[in-house]
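The analysis underlying the following values was restricted to heavy atoms, covering all of them including side chains, and did not include hydrogens, waters or symmetry mates.
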Amino acid sequence: GSFTGAIDARKGYFEVTNGGTIFLDEIGEMPLGTQARLLRVLENGDFIRVGSSKVQKTDVRVVAATNMNLLQAVQARKFREDLYYRLNTVPIFVPPLRERGDDIELLFRKFADDFSEKYRIKPARLSESAKKLLISFRWPGNIRQLKNIAEQISVLEYERDISADTLRNYLPKDGESTLPSLIGGSSMAGSDGYSERDLLYKVLFDLKKDVKELKQLVFELLSKGVADKDALHTHKNLFEEVQGWTPGLIESSPAYDSNGYATSGNTPSNYQDEEETEDVLDITHETADESLSLMHNEKEMIIKALKKNGNRRKPAADDLGISERTLYRKIKEYDIDG
């Protein structure tokens, strides 16, 4: 009666396995809510049946496996840190197939013998060149991929002596590629939930801020008619990545009079007349429009980060690359709910 259709009592895995061993495969994919309940069982051996209020005891050995880097999952807040250290009593690292050396050829022989019995055929055997090719392959699918290829060769090939050219026909053409996968195709993701479009938008957003600051600097210098040292110091981050830049350039930069000539008497080769100067100075309305656009975009990014993290400000601030205090100020400034 704990839920619709529950007419019989059903024992759970931890109750059935009491006194034995339970294997939890792909533990890294377990939802956070289930992780909290599992942690209680591991800590105290307590569990409660669905729909019941009675606490029951169990004593089991837990073996967990995953192909995920759990430490990275902990940092990305996709796996509980306390559960990770509770499970990590006796860690066992199983190397990928490509790091097993000559074991690859032995495993192929084992699978070929199994399929020869299954299909009542003579087992396939590899030539020396085929063995070298087999061992040098990266095997992104690990043992499952090797077993499938052994079965394909056993069933489809008439010749039982397999050469390197024959084996190469069964290996994926892009199997040796070491190119990184797309962000959208990663289980970690970018690992923070942002798509490629969002990341590109964030880069363009930062670039637009730099362009806006550069325009403000040019406006200040041209409006004053001199190379103001204080203005250059204020915006020095714009020049730190310029080749040959040194802070001393600010001190030695020449000042210009109201006519655009350097006070040292040198005449700039790109001297502009008054009409050209007026065209350059007429950027105040553009700067204001861009400022409003930046505020709008920044507000959207903050709202999206808060929504992604369930209105938790600390993880949202980490995703945005700002401090929690700055995020709090921005929330107040833009009057964002949450």
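A continuous path of hydrophobic side-chain contacts links Tyr334 to Leu320 [ILVMFWY only; heavy atoms under 4.5 Å]. Leu156 is connected to Leu134 through a chain of hydrophobic side-chain contacts under 4.5 Å among Ile, Leu, Val, Met, Phe, Trp and Tyr, so both are in one cluster. In the hydrophobic clustering of this structure, Val63 does not group with Tyr85; members are Ile, Leu, Val, Met, Phe, Trp, Tyr whose side-chain heavy atoms approach within less than 4.5 Å, directly or through other members. Clustering ILVMFWY residues whenever any of their side-chain heavy atoms sit less than 4.5 angstrom apart, transitively, puts Met301 in the very cluster that holds Ile336. Transitive grouping of hydrophobic side chains (ILVMFWY, heavy atoms separated by less than 4.5 Å) brings Leu42 and Leu24 into a common cluster.
One N or O on the side chain of Arg160 and one on the backbone of Ser154 form a donor-acceptor pair closer than 3.5 Å. With hydrogens and angles ignored, the 3.5 Å screen pairs no side-chain donor or acceptor of Asn142 with any backbone N or O of Arg144. Under a 3.5 Å cut-off, the side chain of Asn88 and the backbone N or O of Tyr84 do not form any donor-acceptor pair. Formation of a donor-acceptor pair under 3.5 Å by the Arg312 side chain with backbone atoms of Asn309 is found in this model. Asn18 places a side-chain N or O within donor-acceptor distance of the main-chain N or O of Asp59, the cut-off being under 3.5 Å. A donor-acceptor pair under 3.5 Å is absent between the side-chain atoms of Thr17 and the main chain of Ile22, judged by distance alone.
The two residues Tyr119 and Glu151 make their nearest non-hydrogen contact at OH-OE2, 2.5 Å. Nearest heavy atom pair, residue Pro91 against residue Thr89, reads CD-O, 3.5 Å. Looking at every heavy atom in both residues, Arg98 comes nearest to Ile104 through CA-CD1, 4.3 Å. The two residues Leu327 and Ala316 have their closest heavy-atom pair at CD2-CB, 4.0 Å.
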Please step through salt bridge (charged side-chain N to carboxylate O under 4.0 Å, His left out) for the pair Asp114 and Lys110, ending with a clear verdict.
CA-CA 6 Å; Asp114 290 344; Lys110 192 268 182 189; 2.6 Å; yes

Between Ile153 and Ile149, does a side-chain contact (heavy atoms from CB on, under 4.5 Å) hold up when you go through it step by step?
CA-CA 6 Å; Ile153 292 176; Ile149 289 179; 3.9 Å; yes

Please step through side-chain contact (heavy atoms from CB on, under 4.5 Å) for the pair Gln145 and Leu97, ending with a clear verdict.
CA-CA 10 Å; Gln145 184 181 16; Leu97 185 61; over 6 Å; no

Could you walk me through whether Lys131 and Glu128 pass the salt bridge (charged side-chain N to carboxylate O under 4.0 Å, His left out) test, one step at a time?
CA-CA 5 Å; Lys131 292 178 183 179; Glu128 289 301 321; 3.5 Å; yes

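Ring geometry for Phe111 against Phe115 counts as tilted: the plane angle lies between 30° and 60°, on a 0 to 90° scale.
Considering only heavy atoms from C-beta on, Leu146 stays 4.5 Å or farther from Phe137 through its side chain. Residues Glu15 and Thr58 form no side-chain contact, since every pair of their non-hydrogen atoms from C-beta on lies 4.5 Å or further apart.
Atom-to-atom distance recorded for Ile331:CD1 and Lys299:NZ is 11.5 Å, nearest 0.5 angstrom. If you take CG on Asn297 and CD1 on Ile302, they are separated by 11.0 Å, rounding to the nearest 0.5 Å. In this structure, Arg100 CZ and Glu105 CD are separated by 14.0 Å, a value rounded to the nearest 0.5 Å.
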Donor-acceptor pairs are to be reported for all side-chain atoms of residues 162-171 against protein atoms at under 3.5 Å, with residues two or more places apart or in another chain.
unit_1, atom_1, unit_2, atom_2, d
Ser163, OG, Thr166, N, 3.4
Ser163, OG, Thr166, OG1, 3.1
Asp165, OD1, Arg168, NH1, 2.9
Asn169, ND2, Asp165, O, 3.4
Tyr170, OH, Glu157, OE2, 2.6

Contacts under 3.5 angstrom, residues 32-39 side chains, donor-acceptor by atom type, not counting sequence neighbours:
unit_1, atom_1, unit_2, atom_2, d
Gln35, OE1, Arg80, N, 2.8
Gln35, NE2, Met30, O, 2.7

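The environment of CD in Glu99 is crowded: more than 12 heavy-atom neighbours from other residues, nucleotides or ligands sit within 6.0 Å. More than 12 heavy atoms of other residues, nucleotides or ligands lie within 6.0 Å of CZ in Phe93, so this atom counts as buried by the packing criterion. Heavy atoms of other residues, nucleotides or ligands lying less than 6.0 angstrom from CD of Glu81 number 12 at most.
Legend: salt bridge (Lys or Arg N to Asp or Glu O under 4.0 Å) pairs involving residues 62-77, not counting sequence neighbours, sorted by first then second residue: Arg77-Asp318.
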